[in-house]
Amino acid sequence: MMVDDLLDFGLPEEGLEIFGDRGIEELYPPQVDGVRSGVLDGRNLVLAVPTASGKTLVSELGILKSVFSGGRTLYIVPLKALAYEKFELFKEYERYGFNVGVATGDYDRSADYLSDMDVVVTTSEKADSMLRLGTDWIGDVDVVVCDEVHLVDSDRRGPTLEVTLAKLMMMNPGAQVIALSATISNAREIANWLDAGLVKSDWRPIELKEGVVFDDFIDFPFDGGKEVCSDEDDVATSLVRDAVLEGGQALVFTSSRRNSRGAAGRIVGSLDDLLSPMEEDRLMELSNDILDVDGVTEEGERLARYVRRGVAFHHAGLRNTHLRRIEKLFSSGDLKAICSTPTLAWGINLPARRVVVRDYKRYDPNYGMKPIPVLDVKQMFGRAGRPGMDPYGEAVLIAKNEVERDQLIDRYVVGDTENITSKLASEPALRSHVLSTIASGFAGSYSELMDFIDRTFFAVQNRPEDIQLLVKRVLGFLESEGFIEVDGFGLGSGSGFDATAIGKRVSELYIDPLSASRILERLSGRGMESDIEFLHMVCETPDMDTLYMRKSDYSRVESFLKENPRLKERGEMDDWFLSEVKTSLLLKDWIDEEDDGDICDWYGVSSGDIRRKASTAEWLLHSAAELSKMSMSLYINRLRNLQRRMQYGVKKELSDLVSISGIGRVRARELYKNGYRTKSDLHELIDNQSLVREVDGVGAKTIEKIKRELGGNE
DNA sequence: AGTGAACGTATGTAGACAGCATGTC
DNA sequence: CTACATACGTTCACT
């Protein structure tokens, strides 16, 4: 089917232009199936097809059809980075007078602003949050697109996705639902849930050879085999060099951050003779950019050193700027190889000629090393082959012997993916979503609550009765904590309920009700004195992921506790408590302006981890301050103060300086050292440019920026 | 004494969403 | 039901 033919199916003519501009003439087979299943007639659709086989376009057919007749679309994705990526894509529509917006936790726009948008791209949590806040326009949506629906399978985030979809469908009964999924075996079940047609296909726009390597030979069960040119003693390195020799790039997936650095370290050097002088010059430049952002930590320095030679590692501990930069450098072809933890498999599309899954096992504290799900490996495999650039893609696992090779082929190449299952029956998920369902008025009684649960994916796979016991327990918890009020005596099927003011606020703040109850308990207690006690309050909350206790951490943490008996009283001396304390100490060092490199060394974390922990802490400190306000606690100012320091990682005395854009913890400290302690002190600096040189890290450009900001404000 | 291969042992382990008010180095 | 790769320390042969 050609794009032009879509007119017959009801696509507005302008839609043709959009696709035409992208150079699309003919539809892929799964896309044709989507059309035949009625995307353009507003029918619900589940599209279970491999990555990069044109899923987005099918959803766009529904979106364009709707939007051209005055409709509104909500497009839900699992990652912030994906939200921005889709946002950029849909911006093309603005040419036709449509408004496109993004809403994520850190790129937030007012509900008012978003209500003028025809297409809003958002994460599932942000969508959930907007529902909790009672955002008006969300009840006026005509198309709901859910990208990567198979993530309802995820323990932590799946429940949010299914609850949010269920609510959106209840609020917008007439809306078209388009769900995009990886090829999962029980896609039919998802389709049943969403009352949708199903298109399932393994078709790919570019040939993908999947296989297993052993003894310098890749066995592609469906595509013969291939000798690997192995002049390296490390298999992964040989595979990478081999791919680069053929003019391609390679992605190597590893099971841990350390392994990703290690694998990259072994590849570095094996590509030197394959880089042109021009490429070397460019890489040198890019490497220096990386040092500019983070030249302080050992890891940042190492990353820069590797990038100089065409290789990078990639994992969630790196700073966001580094991650985005590495991704960009790989798609531009400057980098030849990336060694990555599973982040890259689920993030933005970053195709490579060859994908090497070096580690197919991942550590699980309950079991030891455990083979990862087939879906995860398929997701990594799916990154092989750049459409239009590579003749084909190759994806391989590495085996250490023949037996393992055959096992790997059976399981990961020939085998089916696992079924996905609802994780809604997990207590942490349930207490949060039950509260929000009540607080936002979706359910005012037990029977309404169960009616709602009946609309979730959980109810498709289980009898709702199976969740009742758990729901009752959760309701009991919410009532006893004062987050909801229940009519009458006891919980019966006839009982009605409503959220209390504080329960409503907890739901809006988007924190786990258990976090809220812990915080409220601390705030009502007597005499919190030192910063560390507030920081620990935040770290003992289930919303904070605490740090792992290394052997070498015990002495440090235990001796701190010895000097702080008040803190020591708060818990048993078990690993759980100690890791809370360790995390609190990291946060304390952050707001005491300790050096990045030192913090990384002391706590065994990466530089991006510090910021991620700090930002979670800031959110929780903000929530604590809000709860404090409602419960008349004495600590509001204290919490606000800490929140502010947490945001920038500074001591109190810098808070004035740091509020100026362009000035962060480092520059603020430099300015302070040079006698500029407040905004008004800075006017002197601006008026007397010759003094600028005295302050490290503050150049003419920054001064210019400060000038503009201060001039505007005063 | 210095170097370094070869072997033994201790160690640590993936990811990333949310509020709020505006902008890192 | 199910533990790996790696960094670091020690030993010992050889210059």
Side-chain angles (χ1 to χ4, degrees), chain A residues 77-81 83 104-110 122-130 132-133 151 154-157 160-161 253-263 265 291-296 315-317 319-321 340-347 358-359 361-372 376 400 432 505 507-512 515 543 545 548-553 596 604 608-609 611-613 615-616 618-626 640 643-644 647-649 658-668 670 696-699 701-702 705 709:
Chain A
V77 296
L79 298 172
K80 287 186 279 190
T104 69
D106 45 38
Y107 191 84
D108 195 18
R109 307 304 292 264
S110 69
T122 184
T123 56
S124 36
E125 283 76 10
K126 188 65 188 181
D128 184 18
S129 168
M130 290 189 290
R132 293 178 183 205
L133 292 165
L151 290 177
S154 144
D155 289 337
R156 299 266 295 241
R157 301 181 57 206
T160 305
L161 184 55
F253 287 101
T254 58
S255 62
S256 70
R257 293 175 175 189
R258 189 171 66 178
N259 289 354
S260 77
R261 287 188 295 262
L291 277 183
D292 283 347
V293 176
D294 176 11
V296 189
H315 61 70
R319 302 269 290 263
N320 240 295
T321 39
S340 166
T341 55
T343 10
L344 228 44
W346 298 105
R358 202 201 67 168
D359 307 335
K361 288 177 177 174
R362 197 153 50 224
Y363 177 75
D364 178 325
N366 300 317
Y367 297 107
M369 296 306 277
K370 194 176 169 184
I372 58 181
D376 288 25
K400 283 182 260 334
S432 193
R505 193 75 189 105
S507 167
E508 289 170 347
L509 289 166
Y510 215 82
I511 56 177
D512 187 327
S515 296
D543 281 306
D545 289 326
Y548 175 82
M549 281 297 287
R550 301 174 301 178
K551 281 240 157 63
S552 52
D553 290 326
D596 256 33
D609 293 322
R611 275 141 192 92
R612 253 176 289 273
K613 290 277 176 289
S615 115
T616 305
E618 198 214 328
W619 161 48
L620 291 167
L621 285 167
H622 163 75
S623 301
E626 290 295 304
R640 288 277 174 228
Q643 183 198 344
R644 189 158 188 73
Q647 184 178 355
Y648 296 100
V658 111
S659 67
I660 302 163
S661 73
I663 303 205
R665 69 196 305 242
V666 176
R667 281 177 182 151
E670 279 306 319
D696 280 347
V698 181
K701 243 179 165 174
T702 310
K705 245 180 134 179
E709 167 140 351

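All values below come from the heavy atoms of this structure, side chains included, with hydrogens, waters and symmetry mates left out. Chain letters run A, B, ... following the sequence lines, proteins first and then strands; every chain starts at 1. Bear in mind the structure is a predicted one, so any value in this text is a computation, not a measurement.
Smallest separation of non-hydrogen atoms from A:D359 and A:I372: O-CD1, 4.5 Å. Across every non-hydrogen atom of A:G317 and A:R257, the tightest pair is N-NH2, 3.4 Å.
Nucleotides B:dA14 and C:dT6, compared at atom P, are 13 Å apart to the nearest Å.
Of the candidates B:dA18, C:dT6, B:dC20, B:dA18 carries the atom nearest the A:W619 side chain, counting heavy atoms from C-beta on.
The residue A:R505 sits close only to the backbone: its heavy atoms come under 4.0 Å of sugar-phosphate atoms, none of a base. Within 4.0 Å of A:E626, counting heavy atoms only, lies no atom of the nucleic acid at all. Residue contacts for A:I511: at a heavy-atom cut-off of 4.0 Å it reaches no nucleic acid atom on any strand shown. Residue-level contact check: A:I660 touches the backbone only, with heavy atoms under 4.0 Å from sugar-phosphate atoms and none from bases. Using a 4.0 Å heavy-atom distance criterion, A:S507 is classed as making no nucleic acid contact. The residue A:D294 sits apart from the nucleic acid: no heavy atom pair falls under 4.0 Å. Residue A:R665 is in sugar-phosphate contact alone, with no base atom involved, counting any heavy-atom pair closer than 4.0 Å across all strands shown.
Salt-bridge check for A:R667 with A:E670: failed, with every basic side-chain N at 4.0 Å or more from each acidic carboxylate O.
As rounded to whole Å, 8 Å separates atom C1' of C:dC4 from atom CG of A:N259. Following rounding to the nearest Å, A:M130 (CE) and B:dC20 (P) show an atom-to-atom distance of 13 Å. Spacing between atom NE2 of A:H622 and atom C1' of B:dT22 amounts to 14 Å, rounded to whole angstrom units. Following rounding to the nearest Å, A:L621 (CG) and B:dA21 (P) show an atom-to-atom distance of 16 Å. For the pair A:Y107 OH and B:dA21 P, the computed distance is 17 Å after rounding to whole Å. The distance from atom CG of A:L133 to atom C1' of B:dG19 is 9 Å, rounded to the nearest whole Å. The distance between atom CD of A:Q643 and atom P of B:dC20, rounded to the nearest whole Å, is 11 Å.
The phosphate of C:dT2 (OP1 or OP2) has no side-chain N or O of A:K370 nearer than 4.0 angstrom. At the phosphate of C:dT6, OP1 or OP2 sits under 4.0 Å from a side-chain N or O atom of A:R358.
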Where protein sits on nucleotides 12-17 of chain B, one letter per nucleotide: B base, S sugar-phosphate only, - none, heavy atoms under 4.0 Å:
BBBSBB
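Across the strands present, B:dC17 finds no partner; the criterion is a Watson-Crick or G-U wobble pair with both atom distances under 3.5 angstrom. Using Watson-Crick or G-U wobble geometry with both donor-acceptor distances under 3.5 Å, B:dG23 finds no partner in any strand shown. Under the Watson-Crick or G-U wobble criterion, with both distances below 3.5 Å, B:dA10 is paired with C:dT6. Searching all strands for a Watson-Crick or G-U wobble partner of B:dA5 with both distances below 3.5 Å returns C:dT11.
Atom OG1 of A:T104 and atom CD of A:E125 lie 11.0 Å apart (nearest 0.5 Å).
If you run side chain to side chain donor-acceptor pair (under 3.5 Å) between A:R611 and each of A:N320, A:T616, A:D596, only A:D596 comes through.
Residues A:Y648 and A:E508 each lie close to DNA chain B; by heavy-atom proximity, the contact nearer the 5' end of the strand is made by A:E508. In this structure, A:K400 and A:P371 both approach DNA chain C, and ranking their closest nucleotides by distance from the 5' end singles out A:P371.
Residues satisfying the side chain to side chain contact (heavy atoms under 4.5 Å, CB included) test with A:T343, not counting sequence neighbours, are A:H314, A:A316, A:S340, A:T341.
Counting heavy atoms from C-beta outward, A:K126 and A:K80 have side chains that stay 4.5 Å or more apart. Within the 4.5 Å cutoff, the side chain of A:W619 has no heavy atoms near those of the A:S615 side chain.
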Worked check of side-chain hydrogen bond (donor to acceptor under 3.5 Å, both in side chains) between A:R640 and A:Q643
CA-CA 5 Å; A:R640 288 277 174 228; A:Q643 183 198 344; 3.0 Å; yes
